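Worksheet for the structure shown next.
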Amino acid sequence: MGVRADTGSVPSTAENLNPYDIAQQQFDLAAQYVAELPDGMRVWLRGCTRLVKIEFPVVMDDGAVRTFAGYRALHSRVRGPGKGGIRYHPDVNGDEVRALASWVTWKCAGADIPFGGGKGGIVCDPKQLSKDERRRITRRFIVELGDTIGPHTDIPAPDVNTDAETMAWIYDTYDMMHPGKNNLPVVTGKPVGMGGSLGRNEATARGCLFVTQRAIKEGAVPGLDSLDGARVVIQGYGNAGAIAAQLFTEAGAKVIAVSDSTGGVMSADGIDWAAALTHKKQSGSVVGLAGTTNITNDELLHIECDVLIPAAFENQIRADNVDGVKAKVIAEAANGPTTPAADKVLFERGIPVLPDILTNSGGVTVSYFEWVQNIENEHWSEEHVNEHLSQKMEAATDAVLQMQIEIKDRHGENVDLRTAAFALAIKRVASVALVRGIWP
């Protein structure tokens with residue numbers, strides 16, 4: 001799969017941008033540092049347990065019948081039920097959802113929450129669909145998935161172009177098919193009034209903030225002592241990017257550039273996150289925001305800054321554009337935004353990458369909190385949720401930094417934070433798999 005049109009970036013090299021191949025490269029690089037991993041176990045853990053493709057008809061608003069394709073991948077249930085979002089996008093495909101499912105496995109293990117990885121998506125352009133059409137598509141997709149999802153088997157959540165309302169439709173459909181049970185835990189990211197968790201909508205961005213702050217505090221970012229006055233650049237002004245702009249600003253940083261699918265804007269004096277969000281809602285884009293200069297997404301990635309936050313899609317920082325990156329640290333709020341070739345260059349240049357399986361794991365962590373609340377019929381305060389999220393993110397960051405040191409001590413090799421995060425996660429999954437054994 002190539003780079004999405006949403007970003008405005010088109011690769012000009014022959015670099016392999018298939019997300020599943022990249023996920024397996026990342027696994028292989030880290031697995032060599034996990035001594036507890038037998039060869040046969042390695043082959044199994046790097047693969048995907050299940051990939052379902054469904055084609056189903058939907059009656060559109062004009063009465064025509066249109067066939068849609070949807071996918072659901074389950075990577076692993078070694079540590080618990082599958083967990084992962086459902087996205088709606090024209091470029092959804094099997095390799096993408098398999099890669100994303102595997103990344104969820106590793107981020108759950110890194111955050112030490114009892115889930116495995118799942119992911120799903122429907123091939124469609126939601127911008128061209130009415131609300132009623134989206135609802136019918138969602139319901140039919142869930143009916144076709146049947147019992148491949150469930151509160152203790154595989155639990156969806158929001159992702160690209162889906163939201164709390166979409167999750168409400170998923171819950172309602174599943175609940176109709178399984179009457180008389182507590183079905184709230186079948187999906188997370190629901191509206192708060194029907195069992196959703198306070199703090200879930202902000203969780204991905206808040207987790208990114210917590211990880212960045214912790215990494216800086218622990219001295220993992222050369223030349224940066226705190227976020228106070230730090231210059232921040234954000235690619236992607238959707239849910240994660242816009243909320244990150246707010247939270248990093250509140251933490252004392254200055255957001256100097258943001259972008260969306262149509263382009264970006266910059267201002268050395270700083271950008272008002274709320275004004276940018278209002279402008280985007282009114283005009284459909286951040287481009288043209290008063291008091292800023294219009295830039296392209298490619299130009300945005302090359303702005304000199306302290307913190308660069310990719311919050312869009314995969315494969316944004318690549319071999320063909322990485323040389324222009326001038327950030328002190330990259331905090332990945334998106335999934336898979338940096339390719340292996342770019343990782344290598346950044347590591348050689350001394351620019352740490354806070355990897356996606358660590359930095360954006362706040363979303364799945366608070367999804368876990370929601371799942372627990374649903375099972376126990378409880379409702380936590382937002383303060384309680386955020387306090388527990390902070391503890392989880394800081395502990396995960398510390399564990400990754402410690403794993404980086406352990407690899408250096410045991411193998412005499414310096415590795416980047418992504419490799420350390422993968423090694424930590426693989427070790428945790430493998431240890432459970434070995435204890436459980438192979439059945440029958």
Side-chain angles (χ1 to χ4, degrees), residues 15-16 21-47 76 78-79 99 102-103 105-112 211-225 308 317-319 322-323 325 327-332 336-361 393-435:
E15 185 180 4
N16 181 1
D21 291 343
I22 288 174
Q24 293 197 315
Q25 288 177 48
Q26 293 168 339
F27 177 93
D28 291 339
L29 181 61
Q32 62 183 309
Y33 300 110
V34 183
E36 301 87 347
L37 193 60
D39 288 341
M41 185 71 72
R42 180 175 312 196
V43 172
W44 177 54
L45 291 179
R46 80 193 294 272
S76 171
V78 169
R79 286 171 52 93
S102 70
W103 286 328
T105 294
W106 310 130
K107 70 176 64 176
C108 288
D112 200 19
V211 169
T212 304
Q213 289 176 319
R214 188 67 171 186
I216 292 171
K217 180 179 179 181
E218 296 302 312
V221 183
L224 194 59
D225 297 325
L308 172 60
I317 303 173
R318 309 176 302 271
V322 66
D323 288 341
V325 173
K328 291 179 181 176
V329 62
I330 297 172
E332 294 183 334
T338 311
T339 68
D343 269 334
K344 186 173 184 293
V345 173
L346 292 166
F347 185 58
E348 291 172 349
R349 292 178 56 195
I351 300 175
V353 177
L354 303 177
D356 50 0
I357 64 169
L358 168 65
T359 310
N360 72 23
S361 62
M393 293 298 94
E394 290 184 0
T397 305
D398 290 348
V400 170
L401 295 174
Q402 181 59 38
M403 177 58 72
Q404 188 182 44
I405 294 171
E406 288 181 13
I407 291 174
K408 171 66 173 177
D409 291 343
R410 293 181 181 180
H411 300 272
E413 297 182 30
N414 292 314
V415 300
D416 61 20
L417 291 172
R418 190 184 314 281
T419 301
F422 266 84
L424 172 69
I426 293 168
K427 181 178 180 179
R428 287 177 172 174
V429 175
S431 65
V432 174
L434 291 169
V435 171

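Only a predicted model underlies this, so the values are computations on that prediction, with no experimental measurement involved.
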When rounded to the nearest 0.5 angstrom, what distance separates [atom1] in [X] from [atom2] in [Y]?
{"X": "Leu354", "Y": "Thr397", "atom1": "CG", "atom2": "OG1", "value": "7.5 Å"}
{"X": "Ile426", "Y": "Ser431", "atom1": "CD1", "atom2": "OG", "value": "12.0 Å"}
{"X": "Asp323", "Y": "Leu346", "atom1": "CG", "atom2": "CG", "value": "9.0 Å"}
{"X": "Asp398", "Y": "Glu218", "atom1": "CG", "atom2": "CD", "value": "5.0 Å"}
{"X": "Ile405", "Y": "Arg410", "atom1": "CD1", "atom2": "CZ", "value": "12.5 Å"}
{"X": "Leu417", "Y": "Leu358", "atom1": "CG", "atom2": "CG", "value": "8.0 Å"}

*Can you check whether Gly110's main-chain N or O pairs, donor with acceptor, with Arg428's side chain at less than 3.5 Å?*
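Indeed, once roles are kept as given, a pair shorter than 3.5 Å links the two residues.
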*Any donor-acceptor N/O pair, Gln32 side chain to Leu29 backbone, under 3.5 Å*: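 Such a contact is found between Gln32 side chain and Leu29 backbone.
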Between [X] and [Y], which heavy-atom pair has the shortest distance, and what is it?
{"X": "Met403", "Y": "Leu424", "result": "CE-CA, 3.8 Å"}
{"X": "Ala420", "Y": "Ile407", "result": "CA-CD1, 4.3 Å"}
{"X": "Ala319", "Y": "Thr339", "result": "N-OG1, 4.1 Å"}
{"X": "Ala109", "Y": "Val429", "result": "CB-CG2, 3.7 Å"}
{"X": "Val322", "Y": "Arg349", "result": "O-NH1, 3.3 Å"}
{"X": "Ala111", "Y": "Met393", "result": "CB-CE, 4.4 Å"}

*Is Lys107 paired with Asp356 through a side-chain N to carboxylate O contact shorter than 4.0 Å?*
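Looking at Lys107 together with Asp356, the answer is no, because their closest N to O distance does not fall below 4.0 Å.
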*Is it true that Arg418 and Glu332 have a side-chain N and a carboxylate O under 4.0 angstrom from each other?*
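Yes, charged N to carboxylate O under 4.0 Å.
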*Verify salt bridge (Lys or Arg N to Asp or Glu O under 4.0 Å) between Asp112 and Arg79, making sure each step is shown before the conclusion.*
CA-CA 9 Å; Asp112 200 19; Arg79 286 171 52 93; 3.0 Å; yes
Do [X] and [Y] touch side chain to side chain, with heavy atoms closer than 4.5 Å?
{"X": "Leu308", "Y": "Ile317", "value": "yes"}
{"X": "Gln25", "Y": "Asn16", "value": "yes"}
{"X": "Pro355", "Y": "Asp416", "value": "no"}

*asked:* Consider ring-ring contact (aromatic ring centres under 6.0 Å, His included). Of Trp103, Trp44, Trp106, Tyr33, which one does Phe27 pass it with?
replied: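 Exactly one candidate clears the test, Trp106.
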*Check the pair Glu394, Lys217 against side-chain contact (heavy atoms from CB on, under 4.5 Å), reporting the backbone distance first and the verdict last.*
CA-CA 10 Å; Glu394 290 184 0; Lys217 180 179 179 181; over 6 Å; no
*Evaluation steps, side-chain contact (heavy atoms from CB on, under 4.5 Å), between Val211 and Val400*: CA-CA 11 Å; Val211 169; Val400 170; over 6 Å; no
_If you count every heavy atom of other residues, nucleotides or ligands that lies below 6.0 Å from Asp225 atom CG, does the total exceed 12?_
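No - once you tally the heavy atoms of other residues, nucleotides and ligands closer than 6.0 Å, there are 12 at most.
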*Going through the distances and angles, do Arg214 and Leu401 end up as a side-chain contact (heavy atoms from CB on, under 4.5 Å)?*
CA-CA 10 Å; Arg214 188 67 171 186; Leu401 295 174; 5.8 Å; no
